[in-house]
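The sequence lines fix the lettering, A, B, ..., with proteins before strands; numbering per chain opens at 1.
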Protein chains: 2
Amino acid sequence: MSQDKIISFENIRVACRSCSLNALCLPMGLSSEDVEKLESIIKRSRPLHRGEHLFSGGERFQSLFVVKTGSVKTYTPSSEGGEQVLGFHLPGEIVGLDAIDQDFHSCSARVLETSAICEIPFRRLEELAATLPSLQHQLYRLLSKEIVEESELLMLLGKRNAEERLASFLVSLSQRFGKRGLSTTDFHLSMSRHEIGNYLGLAVETVSRLFTRFQDERLLDVDRKHVQVLDMARLETLAGVAQNRASRRESN
Amino acid sequence: MSQDKIISFENIRVACRSCSLNALCLPMGLSSEDVEKLESIIKRSRPLHRGEHLFSGGERFQSLFVVKTGSVKTYTPSSEGGEQVLGFHLPGEIVGLDAIDQDFHSCSARVLETSAICEIPFRRLEELAATLPSLQHQLYRLLSKEIVEESELLMLLGKRNAEERLASFLVSLSQRFGKRGLSTTDFHLSMSRHEIGNYLGLAVETVSRLFTRFQDERLLDVDRKHVQVLDMARLETLAGVAQNRASRRESN
DNA sequence: CGTACTATTGAGCGCTCTCAAAACCAGTGG
DNA sequence: CCACTGGTTTTGAGAGCGCTCAATAGTACG
């Protein structure tokens, strides 16, 4: 009977996938009516096309955004028209958490390809969370997770060489595609080499050379933006375990 | 009369400073009884001495910690005893936000000098927040702020050269000391050159050379761990505006 | 006052950036 | 279909920043 109201994690997962809210309700024990409440505040927008903005830096904070399909790039415009890429956001991931603090967006977000995006008005989410402890906790977790992931990236940029950075990047993409049920070894890069370089703190030329090298070493098969991982184990080794050089710098 | 219950921001500030909760209640509109509730869940621990841990990576998540006096370093131990410094936490700042997500600490935290630390059991804070919307919102902001600050650091590590990194580091310390009413131009570095280098992704030798250079250029006066900023304007320029080189890499 | 640690300074090298040019691709219009 | 244009990617050659190794100097502590 309570089974009527409490749906299982699996079902929630399915329900949420349909509304692209994995990120929010995946690990929660929300009853079906709670899920309905959550869904009721979500706006579904028309598909956005390459180059369109979810929001721009400085804009008033209204909503969080969940990527349903496609991909989003967040970046901070810098002087002279240059930009600093802060992250790439794939289906199931949330964009806009940076804006809660100051109540305006500290970065800009634009879609890299035609994408379906859900919008969650934050005020209403906050109100709802106040009445649903598990949702409240989930929100804290979400924010905390973002912090942990940024710490990891931070380490990547601080201590790893070019090879390790690109390997980590590819492994990360692979794992994130995997979470959504997509292929972990065969995927499309929606961002340019330049954007990858910008994100990883490398020059475009270095990124390009590395792709060629990885291909020569039979790690990858690269055709423009299509990547096929041929040797995931070795790629993961490069990404994670290959801290030999870096750990020397760490250790003192 | 409601003045009896609602204390001004200034008073809250004072009240909170005494309990080192600036970070939590500074921008809130909590009534005095609410502040009392908040204070009631805070544990004050005995002073910790250099090298003692607040928590270690992998430990069960129990509490957040607020630095009252002294300083704390967070880091992730890596293979072979090396470590990656994730951040330095000064008085008024919060440690432990990374642990909310997985319910265990993803990094370790140890004090760099004799420090007074307050402990806030997170479960109780969460319960309290559920009944106090402004506290709930403040918690969201706190987490969001951490995300924004990490993004900034991310940019630092990705795109800036050694000089710019150290300058940014010093400016950041200066500003954070300033927030606590301490001198912005005259302060003590509680961390070693090695830890600074580790944090900034630089070799110890590079950090040392830069300190010498900054001193030669009359930017700083450095005596061991005592730093005096002689030309803050120029230091800030180095830290922030000096994106000439970096922005070339950004712009494509 | 020796031991261990931390910081400084010097010399050389390697990774990655920079500059430059060519190849490739996508879209447009003749 | 092809030429034209703007953009992206690739490839090459050289230079410089910051790392590495090594040695010295300074500091803390028993």
Side-chain angles (χ1 to χ4, degrees), chain A residues 49-51 73 81-82 85 112-113 156-167 188-216 220 222-227 238 242-252, chain B residues 49-51 73 81-82 85 112-114 156-167 169 188-216 220 222-227 238 242-252:
Chain A
H49 296 102
R50 173 173 178 80
K73 164 179 91 169
V85 176
L112 289 168
E113 59 194 320
L156 187 74
L157 291 181
K159 305 285 176 336
R160 307 290 183 78
N161 66 18
E163 189 179 67
E164 292 161 346
R165 291 185 202 188
L166 187 60
H188 176 83
L189 301 175
S190 56
M191 66 297 287
S192 70
R193 301 284 191 271
H194 183 90
E195 286 165 325
I196 297 175
N198 187 310
Y199 176 63
L200 295 176
L202 300 172
V204 201
E205 296 92 330
T206 305
V207 174
S208 178
R209 271 184 260 269
L210 281 171
F211 271 120
T212 330
R213 169 135 55 101
F214 283 175
Q215 176 144 305
D216 292 346
L220 304 178
V222 185
D223 177 29
R224 300 280 297 156
K225 307 215 159 190
H226 178 87
V227 171
L238 275 184
Q243 300 175 345
N244 317 340
R245 289 182 53 269
S247 59
R248 241 181 286 158
R249 199 185 311 166
E250 284 171 38
S251 59
N252 293 31
Chain B
H49 295 104
R50 173 174 177 77
K73 165 180 90 170
V85 176
L112 289 169
E113 60 195 318
T114 304
L156 188 74
L157 292 181
K159 305 284 178 334
R160 307 292 183 79
N161 66 19
E163 189 180 68
E164 292 161 346
R165 291 185 201 187
L166 186 60
F169 175 68
H188 176 82
L189 301 176
S190 56
M191 67 296 289
S192 71
R193 300 285 191 271
H194 184 89
E195 286 166 324
I196 296 175
N198 187 309
Y199 175 63
L200 295 176
L202 300 172
V204 201
E205 296 91 331
T206 304
V207 174
S208 181
R209 270 184 260 270
L210 281 171
F211 271 120
T212 327
R213 170 136 54 102
F214 283 175
Q215 176 144 305
D216 291 346
L220 303 177
V222 185
D223 177 30
R224 298 283 295 157
K225 307 214 160 191
H226 178 87
V227 171
L238 275 184
Q243 301 174 346
N244 317 340
R245 288 182 56 271
S247 60
R248 242 179 289 159
R249 199 185 312 166
E250 285 171 38
S251 59
N252 296 33

*Looking at residues at least two apart in the chain, or sitting in another chain, which of them share a side chain to side chain contact (heavy atoms under 4.5 Å, CB included) with Leu156(B)?*
Leu153(B), Arg160(B), Arg165(B), Ser168(B), Leu200(B)

*To the nearest Å, how far apart are His226(B) NE2 and dT27(D) P?*
15 Å

For nucleotides 11-15 of chain D, tabulate all protein N/O to nucleotide N/O atom pairs closer than 3.5 Å, reporting atom names and distance.
from    : atom 1 : to        : atom 2 : distance (Å)
dT11(D) : OP2    : Thr212(A) : OG1    : 3.0
dG12(D) : N7     : Arg209(A) : NH1    : 2.9
dG12(D) : O6     : Arg209(A) : NH2    : 3.4

*asked:* Rounded to whole Å, please give me the gap between CG in Leu166(B) and P in dC19(D).
replied: 12 Å

*Please list, chain by chain and in numerical order, all residues satisfying side chain to side chain donor-acceptor pair (under 3.5 Å) with Glu163(A), sequence neighbours excluded.*
Arg213(A)

*Could I get the full list of ring-ring contact (aromatic ring centres under 6.0 Å, His included) partners for Phe214(B), not counting sequence neighbours?*
none

*asked:* Just the rounded figure in Å: distance from P of dC25(C) to CG of Asp223(A).
replied: 8 Å

*Arg165(A) has an atom CZ; how far is it from atom P of dT16(C), in whole Å?*
8 Å

*Could you state the CD-P distance from Glu163(A) to dC17(C), rounded to the nearest angstrom?*
14 Å

*asked:* Tell me whether the side-chain N/O atoms of Arg193(B) come closer than 4.0 Å to OP1 or OP2 in dT8(C).
replied: yes

*At how many degrees, to 10°, do the end axes of the helix from dC1(C)-dG30(D) to dG30(C)-dC1(D) meet when each uses five pairs?*
40°

*Tell me, please, which residues at least two apart from Glu113(A) pass side chain to side chain donor-acceptor pair (under 3.5 Å).*
Ser71(A)

*Separation of Ile196(B) atom CD1 from dT6(C) atom P, in whole Å?*
13 Å

*Could you state the CG-P distance from Asn198(B) to dT6(C), rounded to the nearest angstrom?*
13 Å

*Within-4.5 Å side-chain heavy-atom neighbours: Leu157(B) and Lys159(A)*: no

_Candidate pair Lys73(A) and Met191(A), rule side chain to side chain contact (heavy atoms under 4.5 Å, CB included), full reasoning_ = CA-CA 8 Å; Lys73(A) 164 179 91 169; Met191(A) 66 297 287; over 6 Å; no

*Between atom CG in Leu202(B) and atom P in dA7(C), what is the gap in whole Å?*
15 Å

*Does His226(A) have any side chain to side chain donor-acceptor pair (under 3.5 Å) partners at least two apart in sequence or in another chain, and if so, which?*
Asp186(A)

*Got Phe169(B) and Val207(B) here, is their nearest side-chain heavy-atom distance under 4.5 Å?*
no

*Do Arg193(B) side-chain atoms and Thr206(B) backbone N/O form a donor-acceptor pair below 3.5 Å?*
no

